[in-house]
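First comes the structure, then the notes that go with it.
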Amino acid sequence: MTLLGIFALLDPVISKISLGAAMRSLIFRYLTAVVLFAAGAVGNPGGAVAADMALKASPSAIGNCSELVFTCENGRQYPLCPIAVSIEGDVVTASLHTGRSGGVHVRLVPMGVGYRYSGAGVWVDGFRGNALLNFGKHSQIACTIENY
């Protein structure tokens, strides 16, 4: 049954109550909002959960670069060394090792779905174990995280 069908069934009940046109319109809008909100809340079981919003690491992973390693299509591996981990286990700040010099400091950026770690000239966009490593605007490499 469609939304208009439901409201068509409710129309005789609402019209019997001595309400003005403005009040009936307001009730109709309220009921529409309630139905749409309920459909959105219930109708999306495969959506992202909080666990998909950041990379997870154990508190013992701080300073350890072996737990989160991006293995990329260019044949290279880029370890992510957590600096700060939240109580829930989300990596908040880290050092992304992209070459022979020290790592680039990256920070978790809140996203609607997935995660982004951004630093000077480099950022990582990802969802669960898949990620895109970006070196500036024009260089992007697809990566996966082993054992994630």
Side-chain angles (χ1 to χ4, degrees), residues 1-10 13-14 19 22-148:
M1 185 176 286
T2 66
L3 189 61
L4 290 175
I6 293 170
F7 288 127
L9 292 173
L10 291 175
V13 175
I14 293 174
L19 298 174
M23 190 64 170
R24 275 185 288 199
S25 174
L26 206 107
I27 290 172
F28 179 76
R29 287 182 187 171
Y30 174 76
L31 290 174
T32 303
V34 167
V35 169
L36 291 177
F37 177 76
V42 174
N44 191 10
V49 294
D52 299 326
M53 303 300 174
L55 293 174
K56 297 289 185 185
S58 62
S60 63
I62 295 175
N64 183 1
C65 299
S66 62
E67 192 171 317
L68 296 170
V69 178
F70 293 98
T71 303
C72 300
E73 286 181 344
N74 63 356
R76 299 201 48 206
Q77 293 184 336
Y78 301 97
L80 185 74
C81 308
I83 297 171
V85 177
S86 71
I87 295 171
E88 292 84 19
D90 297 338
V91 176
V92 179
T93 60
S95 178
L96 179 65
H97 292 270
T98 58
R100 295 181 186 187
S101 63
V104 177
H105 182 83
V106 293
R107 181 172 181 82
L108 176 64
V109 177
M111 300 287 288
V113 175
Y115 53 85
R116 174 177 285 172
Y117 289 92
S118 180
V122 63
W123 68 94
V124 179
D125 290 327
F127 183 74
R128 295 186 181 146
N130 299 314
L132 292 172
L133 181 58
N134 298 279
F135 295 102
K137 291 182 179 180
H138 304 291
S139 179
Q140 188 176 62
I141 304 166
C143 304
T144 58
I145 302 174
E146 293 182 16
N147 305 322
Y148 192 75

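Looking only at side-chain heavy atoms (C-beta outward), H105 and I83 come within less than 4.5 Å of each other. Two residues are said to be in side-chain contact when any heavy atoms from C-beta on lie closer than 4.5 Å; L55 and L80 meet this criterion. With contacts defined as side-chain heavy-atom distances shorter than 4.5 Å, the pair W123/V109 does not qualify. Looking at L96 and L133, their side chains come closer than 4.5 Å, going by heavy atoms from C-beta outward. Using a 4.5 Å heavy-atom cutoff, the side chains of V91 and Y115 are not in contact.
Residues V124 and A131 come closest through the heavy atom pair CG1-CB, 3.8 Å. Smallest separation of non-hydrogen atoms from A94 and P82: CB-CA, 3.9 Å. Across every non-hydrogen atom of E67 and K56, the tightest pair is OE2-O, 4.2 Å. Among all heavy-atom pairs drawn from V113 and F127, the shortest one is CG1-CE1, 3.6 Å. Of all heavy-atom pairs between M111 and G114, the closest is CB-O, 3.9 Å. Considering all non-hydrogen atoms of both residues, A57 and L68 come closest at CB-CD1, 4.3 Å.
T144 contributes atom OG1, which lies 15.5 Å from atom CZ of R128 (distance to the nearest 0.5 angstrom). With values rounded to the nearest 0.5 angstrom, Q140 atom CD is found 10.0 Å from E73 atom CD. For the atom pair NZ (K137) and CG (N134), the distance works out to 12.0 Å, reported to the nearest 0.5 Å. Distance check: C81 SG to I62 CD1 gives 12.0 Å after rounding to the nearest 0.5 Å.
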ask   = Please walk me through it: do I141 and F70 pass side chain to side chain contact (heavy atoms under 4.5 Å, CB included)?
value = CA-CA 10 Å; I141 304 166; F70 293 98; over 6 Å; no
